[in-house]
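Below is one structure, written out as structure tokens; comments come after it.
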Amino acid sequence: MSLAEYLSKSLNTIKRANWYRQEKTITGLSGAVIELDGQKLVNFASNDYLGLSADERLINSAIEAIQKYGTGSTGSRLLSGHRKLHEDLEKAIASWKHTEKALVFSSGYSANIGTISALVNQKDLILGDEYNHSSLKNGAKLSQSQVIEYSHHNCQDLQAKLIKNRYLYRHCLILTDSVFSMDGDLCPLPELQAIATKYNCWLLIDEAHATGVMGKTGAGCLEHFDIKGENIIQIGTLSKAIGSLGGYVAGSELLIDFLRNRCPTWIYTTALSPADTGAALKSIEIIQSEPKKRWQLWQNIALLKENLNFVNMDFLPSESAILCLKSKTAKETLNLSVKLRENGFFAPAIRPPTVPTSRIRFSVMATHKPEHFTQLNKAIAEFRM
Ligand SMILES: *Cc1c(COP(=O)(O)O)cnc(C)c1O
């Protein structure tokens with residue numbers, strides 16, 4: 001088969017299954033209201049939970065960094081790419097997360113696949129929640145460890161699988177999202193930490209949707225649950241609530257030193273750009289000094305729940321800024337998403353195979369206005385009649 005034949009055959013299969021997807025063009029600044037393909041929409045599809053990506057101060061900080069250091073960082077961190085700005089950002093992350101050190105990556109995805117595959121190999125065991133993000137799953141694959149998934153949120157299943165398999169392997173790494181990205185629920189962190197300690201495992205927590213959102217200072221779910229531990233590795237992204245681009249690992253000095261010498265997705269790639277680094281640094285400063293942004297976000301989360309409660313549809317369990325309305329069929333979900341779009345709301349339909357059950361996924365932002373929620377309530381109520 002020629003390459004072209006193979007590609008078009010695969011694409012046709014995707015199209016027949018209704019899984020074909022395309023990007024949509026947003027014009028202008030991102031925010032709670034956007035212009036998408038020429039239509040003005042209330043945006044419930046953004047990861048920019050605090051509305052920081054369009055904040056003047058982040059924009060100016062990025063411009064200053066470019067003026068001072070140029071557009072590219074020109075090399076890998078260990079060769080010619082390292083700037084003091086990277087060090088400042090890593091110090092700010094470590095201090096916020098209460099760890100000895102932190103290390104920034106080009107993306108959260110590369111932080112996950114690089115860290116997991118540096119930490120464990122064929123001799124080791126990985127146990128991961130079945131709903132984990134793609135980057136955790138692919139990191140596990142790349143590591144060539146034995147990978148076993150446990151059912152979502154199910155510590156009994158995890159424990160049973162540890163009892164059966166743990167003794168056969170050298171090290172064991174437990175992988176979990178802290179806020180699950182397609183559901184919005186939290187991992188049972190205190191129980192996971194207890195199990196990790198009992199069975200001598202390391203615990204890697206992906207705080208992508210928790211950073212800036214969860215916890216007293218927005219540091220994430222570890223702060224939310226007040227959990228610390230030497231066997232914990234925290235990973236996250238600079239691309240969601242932080243409003244920039246990049247990823248990070250936070251942990252002990254030993255862990256970071258190890259990664260600097262062993263992690264291929266950090267060693268063999270160009271350092272984070274000055275603009276992204278500068279914006280992220282300013283953002284972390286703002287998140288810590290302006291808790292009001294987080295309070296507004298939580299107020300809006302409560303408003304969304306209140307306004308959707310009246311429409312007589314079920315939510316998936318959520319304790320974060322991600323809220324999903326369940327529907328019975330993929331078709332109903334798609335219809336509702338289209339209807340919402342016609343009424344000026346952008347909230348994506350998420351369907352199998354991405355998730356096991358169809359849903360409309362709403363991400364709340366601190367910058368949504370009360371009327372956005374009442375208007376949404378009206379649009380859904382009409383659809384239900
Ligand atoms: C978005 C996301 C990532 C990837 O982060 P990027 O910085 O966008 O590469 C990793 N894990 C989870 C759970 C995510 O939601």
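Both ligands and their constituent atoms are indexed starting at 1 by order of listing.
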Pairwise side-chain contact, L316 with D185, heavy-atom cut-off 4.5 Å (strictly under): no
Numbered in order shown, the ligand 1 atoms found under 4.0 Å of a heavy atom of S135 are 10 (C), 11 (N)
S181, any N or O under 3.5 Å of ligand 1 N or O: no
For the pair L186 and C221, evaluate side chain to side chain contact (heavy atoms under 4.5 Å, CB included) and give the outcome as yes or no after the intermediate values. CA-CA 8 Å; L186 308 186; C221 276; 4.0 Å; yes
Could you list which atoms of ligand 1 come closer than 4.0 Å to a heavy atom of G246? 7 (O)
Compute the ring centroids of H153 and F180, then answer whether they are less than 6.0 Å apart. no
For I116 and S135, the nearest pair of non-hydrogen atoms, with its separation, is CD1-O, 4.4 Å
State yes or no: are the ring centers of F44 and H368 separated by less than 6.0 Å? yes
N or O pair under 3.5 Å between A208 and ligand 1: no
What atoms of ligand 1 come closer than 4.0 angstrom to any heavy atom of S239? 7 (O)
Within 6.0 Å of CG in D37, more than 12 heavy atoms from elsewhere: yes
To check your reading of the model: name the closest protein heavy atom to atom 6 (P) of ligand 1, its residue, and the distance in Å. G108 N, 3.4 Å
In this structure, are over 12 heavy atoms from other groups packed under 6.0 Å from R57 atom CZ? yes
In ligand 1, the atoms that come under 4.0 Å of a heavy atom of Y109 are 4 (C), 5 (O), 6 (P), 9 (O)
Report the nearest protein non-hydrogen atom to atom 1 (C) of ligand 1: residue, atom name, distance rounded to 0.1 Å. K240 NZ, 1.5 Å
Could you please spell out the steps behind the side chain to side chain contact (heavy atoms under 4.5 Å, CB included) verdict for S143 and I126? CA-CA 9 Å; S143 76; I126 286 180; 3.6 Å; yes
Test of proximity, D177 against ligand 1: N or O pairs below 3.5 Å: no
Enumerated ligand 1 atoms positioned under 4.0 Å from heavy atoms of T237: 5 (O), 6 (P), 7 (O)
Go through ligand 1 atom by atom and flag the ones less than 4.0 Å from a non-hydrogen atom of H209. 15 (O)
Can you pull out the closest protein heavy atom to atom 13 (C) of ligand 1? Residue, atom name and distance to 0.1 Å, please. D206 OD2, 3.2 Å
